[in-house]
Student: 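Let me begin by handing over the structure; questions about it come next.
Below, all heavy atoms of this structure are taken into account, side chains as well, without hydrogens, waters or symmetry copies. When a ligand or atom number is given, it counts from 1 through the structure's own listing order.
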Amino acid sequence: MIKHKLIKVNEEQKEFHLTNKSISYVFKVLNNSKQLEHLYYGKKINHSESFDYLIEREGRPANNLYEGSETSSFEHIKQEFPSFGTTDFRDPAFQIKYPKGDHISHFEYQDYEIYDGKPTIEDLPSTYTETDDEATTLCVRLKDQYSELYLILYYTIYRDLPVITRRSVFKNEDEESYFLDKAMSMSLDLPEKDFDLLHLNGAWARENHISRTPLSIGKKSISSARGATGPVHNPFIALARPETTEKSEEVYGFSLVYSGNFEAQVEVNTYNVSRVMMGINPFNFSWKLEPGEIFNTPEVVMVYSNNGLNQMSQTYHDLYRNRLVRGTWRDKDRPVLINNWEATYFEFDEDKILEIARESSELGVDLFVLDDGWFGTRDTDNGSLGNWTVDKRKLPNGLRKVSEEIHNMGMLFGLWFEPEMVSKDTDLYKNHKDWIINVPGKNVSHGRNQYILDFSNKEVVDNLYQQMDKILTHVKIDYIKWDMNRYISEAYSVNLESDRQGELYHRYILGVYSLFERLQTKYPEILFESCAGGGGRFDPGMLYYSPQIWTSDDTDAVERLKIQYGTSLVYPISSIGSHVSTVPNHQVGRNTPINTRGDVATFGTFGYELDITKLNKEEKNKVVKQIKMFKKHQKLIRTGTFYRLKSPFESNEVGWMIVSPNKSEALIGFYQVLARPNAPYERLKLQGLDPNKRYKIFPGSEYRYGSDLQNVGLLFSQNETTRKDEYWSQNNKSDFNSRLIYIKDFGDNFSD
Ligand code: DGJ
């Protein structure tokens, strides 16, 4: 056996065992056919000199036998990266079109390499390591028997996390060109179907709601064909046991580090084998791979948990906030911001902007963000996108002056852009019709009166870079909100030959990534927040470029309970853009107390999006208190372990909490949607504490042991009570109520 740090190889049988403290992933090379057979993925198992005992393929009907294969047809073999046309009648992980027009490939195992650390992926975002001992990478090379095409499968296992990342690479060393009509990042055959499929679904203003349905024989898939990941399905699925809860039992998570069209599919066959596949959506995809070229697929991050959904989420949070998010802002407290969008929409001038900034700086806000409407002559959403020059009617002294004034107030200054879009009234549109995504001579749809620039064309990206760079070199900008408000409809680029039109969506997103990369290389200090009409591109790809993402255009506190709860399934709290806005709420008309709005927004990046000058004295005092409170706990919120305690999808009461890594403190949020008369007591059972630590509870003067807080819980009663250990009754007489509780260990701990 050859032993690398996290990968063991039984050389003779060519069995690969990726393993760390908690998980194992095993596959082997089949002797005759040189295909890769999947053997196991899940909780750690001991290494064995032979993993033959994991094989399950005997005794199946042997019709459709592939020439030279093992005992059975590939339909009965669990595979690592199945191909089409070789007696496996399920969906393949890839499809290559050969010059004759056929799609028959046969890739055979060639060799493997193992190295410390994790390689980056050219032009694509990915998780990374900071030191080589954090992870080990296995790279398996297969060669097509009908061409000089190579397939390279990458597997990285992290040392301290139950994480394996996977991706595939296609390399053309032939003299002919080939078309990749499907190129998924990974495929996994699990030997059972006793799972529920979880995913995050939604729409504009109600993103990331959790959906959970049992698997059954047949296919289930989620996808996007809109040019961005979109709000309808997030690029994430999980397979949880029917009995899996937040706290216990198994779940397998799959998250794609990508921001364009994607597909995640689970196909259960008649033998109850569940094939999971994830990657670029094969719909409308075709990539011409010329001699000498390589095609990289985006990576899938697979997380295994046998302690429920919370543990799966905590693993994603850990990995994503520390080894996906990059740059200056990764480990820094983020500024509390105020954004003028819901305060003014397009109607503002310099005085109004400075008035909001001044008031908010006095209340403790760190960053003023000037949203849409500062450029061209943009008084409505009808025009000016693509003309990134300041509107002197609104800001007669220019952006520089606004930025200077705001910096003089002791605040940072942020600016909104929507770089991928163009409006009809701009020179950019008039002079460069060929830069717009559409089929010449055919109808082109608009969305929000705007058209999509062809980011697959480098000239277009250069133009936008120059326009943005001009502003950034002249004005001190500390933060950029990068918005994107419509999706690709008539997908066509005049810049691509007809046999390359299937490349447009992927090339588009590569263009978007390249603009981020160029701007961030030149301006590494700028904090980016990405956005797509709210959470329409809330994905790990974007997280690589922007440590925070605007989660939803719905800022209502009650709606946000569901949106933020769902988002937390994969994404760290430090990435969840969350603001306190005005009432009645602009999206749903609901009146919620300012405390509740603040208590919900606290579990995110925290900021304001309202006309702060219109608040009364009492409300302003509350804002001051909220900001102080957030800043006090900011590090805990950014670095702590998040637990979902009570789901808004299942009950009127909602609870969540964040515990510091050393368990010495925790912040708990409890929310009640509707007030109920004579209601049962609510006991919120905490998690993640040290059972033997004695915690002091704020507000109040009670002390409780961790064991007690976890097993008995915090009491919330809607009835009048004089009990000191009750955290609700004083302010429970309204709908949409909430409470933040902070607990801290004071060292007076229990020992037997
Ligand atoms: C959609 C975003 O989600 C909003 O926050 C705001 O920036 C508007 N676009 C501006 O047009």
Student: Can you report which non-hydrogen protein atom sits closest to atom 9 (N) of ligand 1, along with the distance?
Tutor: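 Result: Asp483 OD2, 2.7 Å.
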Student: Where does the angle between the aromatic ring planes of Phe285 and His506 fall among parallel (under 30°), tilted (30 to 60°) and perpendicular (over 60°)?
Tutor: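 Plane angle over 60°, so perpendicular.
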Student: Do Glu359 and Lys620 sit within salt-bridge range, that is, some charged N less than 4.0 Å from a carboxylate O?
Tutor: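 Yes, Glu359 and Lys620 are salt-bridged.
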Student: For ligand 1 and Gly534, I'd like to know whether there is a polar contact (N/O to N/O, distance under 3.5 Å).
Tutor: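 Yes; at least one N/O pair falls below 3.5 Å.
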Student: Considering only heavy atoms of Trp550, which atoms of ligand 1 have at least one such atom less than 4.0 Å away?
Tutor: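 Selected atoms, number and element: 3 (O), 5 (O).
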Student: Determine whether the side chain, the backbone, both or neither of Asn485 has a heavy atom under 4.0 Å from any heavy atom of ligand 1.
Tutor: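 For Asn485, the contact with ligand 1 is made by the side chain alone.
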Student: Is it true that Glu517 and Arg326 have a side-chain N and a carboxylate O under 4.0 angstrom from each other?
Tutor: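 Looking at Arg326 together with Glu517, the answer is yes, because their closest N to O distance falls below 4.0 Å.
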Student: Got the closest protein heavy atom to atom 6 (C) of ligand 1, with its distance?
Tutor: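 For atom 6 (C) of ligand 1, the nearest protein heavy atom is Asp371 OD1, 3.4 Å.
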Student: Given Ser552 and Glu207, is the side-chain hydrogen bond (donor to acceptor under 3.5 Å, both in side chains) satisfied, shown in steps?
Tutor: CA-CA 7 Å; Ser552 177; Glu207 296 85 348; 2.6 Å; yes
Student: Exactly one of Tyr479, Trp388, Tyr465 should register a ring pair (Phe, Tyr, Trp, His ring centres under 6.0 Å) with Phe417. Which one does?
Tutor: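 With Phe417 as partner, ring pair (Phe, Tyr, Trp, His ring centres under 6.0 Å) holds for just one option, Trp388.
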Student: With atoms numbered from 1 as shown, which atoms in ligand 1 lie under 4.0 angstrom from a non-hydrogen atom of Asp372?
Tutor: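 That gives atoms 10 (C), 11 (O) of ligand 1.
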Student: Measuring centre to centre across the rings, with the benzene-like ring taken for any Trp, is His209 within less than 6.0 Å of Phe649?
Tutor: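 Between His209 and Phe649, the centre distance is under 6.0 Å.
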Student: Would you mind listing which atoms of ligand 1 come within a distance below 4.0 Å of any non-hydrogen atom of Cys531?
Tutor: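 The list of qualifying atoms is 2 (C), 3 (O).
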Student: Quick one: which ligand 1 atoms are inside 4.0 Å of a heavy atom on Gly533?
Tutor: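 It comes down to these atoms of ligand 1: 1 (C), 3 (O).
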Student: Is ligand 1 less than 4.0 angstrom away from at least one heavy atom of Lys481?
Tutor: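 Yes; Lys481 lies near enough to ligand 1 that a heavy-atom distance drops under 4.0 Å.
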Student: Please determine whether ring pair (Phe, Tyr, Trp, His ring centres under 6.0 Å) holds for the pair Phe538 and Tyr571, giving the CA-CA distance in whole Å, both sets of side-chain angles, and the decisive distance to 0.1 Å.
Tutor: CA-CA 9 Å; Phe538 203 128; Tyr571 304 98; 4.9 Å; yes
Student: One thing to verify: whether Asp556 and Arg560 come together as a salt bridge, which I'm taking to mean a side-chain N less than 4.0 angstrom from a carboxylate O.
Tutor: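 Salt bridge: no.
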Student: Which is it for Arg448 and ligand 1 at heavy atoms under 4.0 Å: side chain, backbone, both or neither?
Tutor: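 Just the side chain.
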Student: Provide, to 0.1 Å, the distance between atom 4 (C) of ligand 1 and the closest protein heavy atom, together with that atom's residue and name.
Tutor: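 The closest one turns out to be Asp553 OD1, 3.4 Å.
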